[in-house]
Structure formats: structure tokens, C-alpha cells
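Quick notes on the structure that follows.
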Amino acid sequence: MYRTHHCNELRASHIGITARLAGWVHVRRDHGGVVFIDLRDREGLTQVVFRPEENAEVTEIAHTLRHEDVVEVSGRVAPRIAGTENPKLATGEVELVPSSLRILNRADVLPFPLDSDPSNEDLRLSYRYFDLRRPHLARNLRTRHRVTKATRDYLDEQGFIEIETPILSKSTPEGARDFLVPSRQTPGKFYALPQAPQQYKQLLMVGGVEKYFQIAKCFRDEDLRADRQPEFTQIDIEASFVRPEDIYALVEGMLAAVFREAQGIEIPTPFPLMTWHEAMDQFGSDKPDRRFGMHLIDLADVFAASSFKMFRGALDTGGAVKAINAKNFASVTTGQMEELTTMAKLYGAKGLAFIKVENGKWQSPLVKFFTDEEKAALTSQLDISEGDLVLFAADKWEVVCEVLGRLRLRISEFQKLTAGSTALDFLWVTDFPLLAFDAAENKWNAVHHPFTRPKADDVALIDAGEFGKARAEAYDVVLNGVEIGGGSIRIHEPDLQAKMFAALGVSEADQQTMFGHILRAFRLGAPPHGGIAMGLDRLVMLICGEQSIREVMAFPKNNRGIDLMSQSPSEVDARQLRDLGMKLAGEKPQA
RNA sequence: GGAGCCUUAGCUCAAUUGGUUAGAGCGCCGCCCUGUCACGGCGGAGGUUGCGGGUUCGAGCCCCGUAGGCUCCGCCA
């Protein structure tokens with residue numbers, strides 16, 4: 001037995017007993033005679049004191065201890081000398097006076113100190129196993145465990161069963177780029193790693209499972225971000241005979257359980273609902289951050305008869321004129337204003353019109369175009385007062401919303417509007433568009449995925465070829481401006497599914513090759529079903545207050561998909577390639 | 001594919017307008033130190049300033065290229 005207690009266990013009540021502890025040498029304070037070490041394990045710290053007069057031999061060895069050596073000590077639990085108790089430590093009333101010291105392993109000089117946050121993330125990632133010792137990361141991993149545990153317990157109580165689905169699965173053309181795995185036994189063919197267990201979970205519904213979930217690893221071969229890794233984890237849920245409100249209630253209950261277990265806080269349910277159109281119209285985002293105002297205000301009424309061509313032109317061609325009021329941001333710097341203008345153009349605006357209110361005056365190149373009535377209407381609708389910065393956009397509705405939505409978020413960063421906020425603002429965004437036209441590919445793509453059910457009222461629009469107007473029976477759950485989950489009610493009828501594939505430009509033959517199994521399944525009594533997938537990494541990231549999902553994953557990859565610790569991906573030897581019937585294409589010829 | 005920021009000792013950072021031998025704290029090594037808890041004292045080692053080129057009498061600093069890291073856009077059904 002290495003230990004009888006952990007390092008956050010001994011208290012005054014243990015004084016007099018013999019205890020054995022094991023752990024890492026956190027700090028050593030060597031006074032030449034007496035030697036103190038703070039012994040650390042995952043639970044905490046306990047001070048160990050070596051006294052030459054008590055045990056000269058053991059103290060002699062203690063002089064050689066260094067940071068992060070792994071030791072086992074056994075001895076008497078003693079009260080600290082009066083006046084030397086440490087109120088900062090839970091174990092600060094006592095100390096261990098060892099009669100034996102066993103060095104289990106010595107540590108080399110450390111690559112970086114554990115007691116501060118090194119900013120050098122690639123160094124941390126290279127020594128991830130070492131970085132994980134820091135209480136910060138250890139706490140995140142434990143929180144993640146609490147979240148998955150609470151999820152499993154809750155879904156189990158609700159009658160859901162966890163089912164594993166294949167990792168070696170089939171490539172599909174829709175969606176993200178697949179990671180491919182060459183097949184040795186069928187040369188020239190490939191498995192794909194799942195982007196999500198989407199088809200399997202629907203087939204489980206056809207299989208009569210009715211209530212399925214999985215803490216599922218998913219893989220997408222796309223470029224990375226702070227909140228995107230090539231492999232990540234979803235809480236994947238599917239149920240039969242459900243409507244959206246059944247999914248809402250289930251997820252609200254699940255998140256309530258998660259926040260109760262992981263954070264000890266009660267979140268208000270049910271979450272408010274907002275349609276996609278409302279979200280775009282008021283916040284310029286399909287995942288609105290409602291922790292601050294700065295709403296997009298529609299000014300069509302104000303400028304309906306305006307003499308200002310930019311605004312009138314947009315309105316006359318069926319577009320929109322909107323503005324946001326960045327309260328107290330007339331102090332915007334030139335650099336910030338340039339950045340906002342660049343952003344506005346990047347997202348499709350022709351320019352960025354503004355009003356700065358300083359010293360009681362509207363500083364703006366626009367004012368001369370406005371009538372007194374228009375100024376009065378602006379003042380009241382936008383609640384304009386001294387020190388404000390008002391930004392306008394006039395264009396197609398989609399462009400206006402997108403531009404102002406992006407500016408709104410950037411300004412909130414400039415003004416630190418959500419800094420230090422502990423608000424938890426949940427909402428459902430519903431009624432997403434079913435299809436979106438991709439100009440680059442010159443085709444319609446599914447906004448959610450090709451199995452998403454159109455709203456019953458909108459099936460006729462698909463029949464009429466008005467793809468852009470059809471809405472989906474789809475929903476996202478949003479927390480503080482971050483999409484933490486999304487799902488939909490699915491198509492369960494083969495003819496409707498075929499109609500969707502046709503709209504997506506998938507030929508009859510391709511439908512059979514790529515989706516034949518699911519179309520056949522739908523002909524054998526598929527129940528109505530739907531579900532949702534929650535991004536576990538993002539959820540835990542928000543709960544832990546982190547800016548990156550790397551901080552809540554044990555072994556993340558860097559932003560080029562490289563594991564700096566193990567140096568994967570790596571080359572393989574020729575034999576492995578030969579087994580797979582593969583050859584590297586080699587260097588590209590010079591252009 | 002594109003944009004921005006960054007790279008100086010093991011770590012965190014400094015180095016005036018381009019100017020002497022590139023410094024500090026922590027860590028490391030040695031010696032001293034019997035009640036500390038960021039223990040303390042004295043001494044020491046440790047640098048191809050990411051790499052390559054250029055400008056200059058002289059480059060950590062300016063210019064070009066390149067590698068790596070981070071963030072963002074595109075992409076992510």
C-alpha cells in the first residue's frame with residue numbers, strides 16, 4: 001500500500017496517528033537542518049517536515065529532493081508548532097513527521113514551472129502530460145467528467161440507452177470533408193470516420209430503439225479554430241415519436257442537471273424561443289448573444305421618403321436600412337473605426353455610415369441629408385444621446401443583418417460589454433432555412449443536413465422550386481452567443497427524402513449508391529423521429545470559463561491538426577502503404 | 001487559399017534613435033542556513049536574439065525571404 005490517506009485529508013483530528021502519503025514534491029524549503037516539503041497529489045497539499053534530531057538518515061535523503069520527485073512518506077501526524085499553522089492550506093493545522101522516505105521516481109529539470117500559467121502554448125502541448133498536473137487543467141478534466149456523468153445519469157433516468165455506432169463508416173458527399181481510412185481487405189476502397197453518427201442513429205430509430213444517446217467522438221477534416229478540433233465529442237440524442245417541444249424539454253432538463261451537478265447552480269427553464277428570422281433581424285446572428293442590447297433597429301419607416309439616395313435605393317429595391325447604437329462609444333479610436341469599416345466591407349456593405357454624438361452635436365457626413373423629422377425619429381427609435389456612436393447599413397436584408405451583427409459583436413469586445421459577466425443566457429433558435437444556395441458550387445445545400453424535415457407548411461414551396469423560402473423543422477440551442485447544440489425532426493418517408501436529395505442535386509443513381517440503405521430502411525416502417533447533438537467540448541469550455549476547447553481536452557491538437565506531444569500525423573513505412581495498395585503521389589511538379 | 005499578431009537564457013520578460021561584453025526575476029548547479037510555507041544568504045553556469053539573406057562602419061532592433069505558434073476570414077451538412 002502506497003498510502004493510507006490523500007494529501008487533502010489530514011486534519012487536527014488525525015493528530016497522533018501514523019499515516020502514509022504518496023505524491024509529488026510540490027515545493028521544497030530546505031533550511032540546512034530542518035527540511036519542509038509540500039507533498040501534492042490530485043486532492044491537495046500536505047506539509048511534511050524532516051528534522052535531523054528525529055531521524056538523521058531520512059533527513060539526509062530529504063536534502064536531495066527536487067521539484068516533482070515522486071515520493072512515499074510514512075510517519076506521525078503532528079500538530080504544527082503554535083503560531084506556524086498555515087490557514088491557506090486545508091491541511092494547515094498539521095504536518096507529517098516521517099520515519100521513512102521512499103523515492104519512487106526522480107524528476108529531471110522541469111520544462112516549465114507548474115505554479116504559473118506559461119503563455120507558450122506549444123510548449124505546454126509538447127509536454128501535455130506534465131501540463132495536466134496543473135490544478136487548472138486537472139479541474140477542467142474533472143468538470144468534464146461531471147458533465148458527462150450528469151448527462152448519462154439524466155438520459156438514463158429518461159429511459160434513453162447509450163449505443164455505440166461504428167467509427168469505421170461510410171463517406172458521404174454532403175457536409176464537411178471526411179477523414180478517410182484505406183481498407184486493406186478491399187483495396188482501393190475507403191472507410192470514412194463519422195462526422196456525426198447521423199445515419200446510424202436514424203437507423204436505430206428504424207430499429208425500434210426509440211430513445212438513443214451516445215457520448216460520440218466525431219471527426220471533420222476542416223481547418224481548426226479555438227473552438228474547433230478535428231476530433232471532438234458530441235452528446236448525440238435521437239428519439240422516436242417526438243415533436244420539437246419534446247426535444248426542447250429533454251435538453252432543458254439535461255442542461256439543468258448538468259449545471260446542477262457541475263456548477264451547483266439552477267438554470268431557468270424553459271428557454272425562450274426565437275425564430276431564425278427574428279434572431280437575424282434583431283441581432284444579425286443565428287446565435288444571438290443577448291447579454292447586451294445594441295439591437296438592430298429597422299429604419300424603413302424613417303427613411304421611406306428619404307432624399308438620401310443610399311438609403312432610399314436600398315429600400316426601393318426591396319432591401320433594408322438598419323442601425324445599431326453603440327452607447328457611449330463616440331470615443332471610438334480611428335483604428336477601431338477603420339477596423340469596423342473594413343469588417344463592414346468584408347461582409348458585403350459598400351461602406352459604413354455613422355453618427356457620433358459629441359458635445360451635443362451629431363458629427364456625421366450624413367446629417368446634411370436628414371430632415372428634422374428624420375432626425376427626431378432616429379433619436380427616439382435609436383435612443384440617441386450624448387456620447388453614442390450609431391452605425392448604419394443599407395443593402396439587401398441579409399447583408400444588412402450580417403454586417404450589423406458582426407459589428408455589434410466586435411463593438412461589444414471593444415467595450416468589454418460581457419467581461420466578467422456570469423449571466424447564462426440560453427435560448428432556442430428555431431425555423432432555420434432548409435436550404436441555402438451556394439454560389440461557388442452553383443447548387444443548393446442543406447443548411448442543417450439532408451435528412452432534416454421541412455416544416456409541414458413549406459413542403460409545397462419545395463414542390464414549387466422555391467427552395468430559398470422553405471423553413472426546416474430544425475433548432476439550435478444557444479448559450480451566451482455560442483451554439484452549443486443543434487438538431488431537427490427528420491424525414492422518415494422515402495418519397496420526401498428522395499425529393500430532398502433531388503433538390504440537393506443528388507441524382508437517382510447516386511441516391512441509391514450513397515443513401516440506398518437509408519431509403520430502403522424508410523420503406524420498412526420508419527417511425528417519425530428527431531433529435532439533437534450537443535457540442536460537449538464547447539459546453540464544458542463555457543462551464544469552465546475557457547476561451548479554447550483545447551483547455552478542456554486531455555490531448556488536443558494544435559491549429560494545424562498536429563499533436564505536438566506525439567508528433568502525429570507521421571510518415572508510415574513503405575510496407576504499410578504496400579499492404580493498403582497505396583502509393584504516395586510525391587512532390588508536385590513545379591508550376 | 002487569405003489577413004493580422006508573435007518568436008531574445010529552461011520559463012516569464014527587458015534591452016533608449018541602429019552603438020561597448022544582450023540584462024532581470026524565477027528555475028538550475030555549488031556552499032551556508034533547524035520552523036518555513038513564493039523560506040533566506042553568498043557564489044556560479046546558462047544565449048547561433050527561430051533560420052537564411054540584405055542594407056550599414058556597426059543589426060536583437062531596419063528591409064526581403066522562410067519556418068514555427070496563436071487568432072480570425074474562407075471552410076466547418
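The sequence lines fix the lettering, A, B, ..., with proteins before strands; numbering per chain opens at 1.
For A:Arg220 against B:C76, no side-chain N or O and base N or O form a donor-acceptor pair under 3.5 Å. Checked by distance alone, A:Asp38 brings no side-chain donor or acceptor within 3.5 Å of a matching partner on the base of B:C37. You'll find a donor-acceptor pair under 3.5 Å spanning the side chain of A:Asp223 and the base of B:G74, going by distance alone. Residue side chain A:Arg124 does not reach the base of B:C11 through any donor-acceptor N/O pair under 3.5 Å, judged by distance alone. With hydrogens and angles ignored, a donor-acceptor pair closer than 3.5 Å exists between the side chain of A:Arg80 and the base of B:C37.
Residue-nucleotide stacking is not present for A:His31 and B:U36, judged by a side-chain ring centre under 5.5 Å from the six-membered base ring centre and planes under 30° apart. The aromatic ring of A:Phe112 is not stacked on the base of B:C11, since the criterion of ring centres less than 5.5 Å apart with planes inclined by under 30° is not met.
Remark: P of B:G74 and CE of A:Met343 are 10 Å apart, rounded to the nearest angstrom. Per the geometry, CG belonging to A:Leu114 stands 13 Å off C1' belonging to B:G10, to the nearest Å. In this structure, CG of A:Asp178 is placed 12 Å from P of B:C76, rounded to the nearest angstrom. Note: CG (A:Asp227) to C1' (B:C73) measures 14 Å, nearest angstrom. For the pair A:Glu222 CD and B:G74 P, the computed distance is 12 Å after rounding to whole Å. Distance A:Asp30 CG to B:A38 P: 17 Å, rounded to the nearest Å. The distance from atom CG of A:Asp122 to atom P of B:G10 is 15 Å, rounded to the nearest whole Å.
Closest to the side chain of A:Arg225, from the set B:C73, B:C33, B:C76, is B:C73. For A:Ala176, the side-chain atoms get nearest to B:C76 when compared with the rest of B:C72, B:C76, B:U12. Closest to the side chain of A:Leu123, from the set B:C11, B:U36, B:G69, is B:C11. Of the candidate nucleotides B:C39, B:G69, B:C73, B:C73 has the atom nearest to the side chain of A:Tyr347.
When both pairing distances are held under 3.5 Å, B:C29 makes a Watson-Crick or G-U pair with B:G43. B:G50: Watson-Crick or G-U partner is B:U66, with both key distances under 3.5 Å. Applying the Watson-Crick and G-U wobble criteria (two distances, each under 3.5 Å), B:U55 pairs with nothing in any strand. Pair assignment for B:G18 gives none, since no Watson-Crick or G-U wobble pairing has each distance under 3.5 Å. Judged by Watson-Crick or G-U wobble contacts below 3.5 Å, the nucleotide B:U71 has B:A3 as its partner.
In this structure, A:His449 and A:Val109 both approach RNA chain B, and ranking their closest nucleotides by distance from the 5' end singles out A:Val109.
A:Gln511 contributes a side-chain N or O that, together with a main-chain N or O of A:Val506, makes up a donor-acceptor pair within less than 3.5 Å.
When the side-chain nitrogen and oxygen atoms of A:Asn86 are compared with OP1 and OP2 of B:C37, none of them lie within a distance under 4.0 Å. For A:Arg66, no side-chain nitrogen or oxygen approaches OP1 or OP2 of B:C28 to under 4.0 Å. Distances shorter than 4.0 Å separate some side-chain N or O of A:Arg29 from OP1 or OP2 on B:C39. For A:Arg550, a side-chain nitrogen or oxygen approaches OP1 or OP2 of B:U71 to under 4.0 Å.
A:Asp289 and A:Arg408 are not joined by a salt bridge, as no carboxylate oxygen comes within less than 4.0 angstrom of a charged side-chain nitrogen.
Residue-level contact check: A:Arg177 touches neither bases nor backbone, having no heavy atom under 4.0 Å from any strand.
Under 3.5 Å, the side chains of A:His449 and A:Gln199 contain no donor-acceptor pair of N or O atoms.
For A:Arg177 and A:Phe179, the positive end is not near the middle of the six-membered ring at less than 6.0 Å and at most 45° from its axis.
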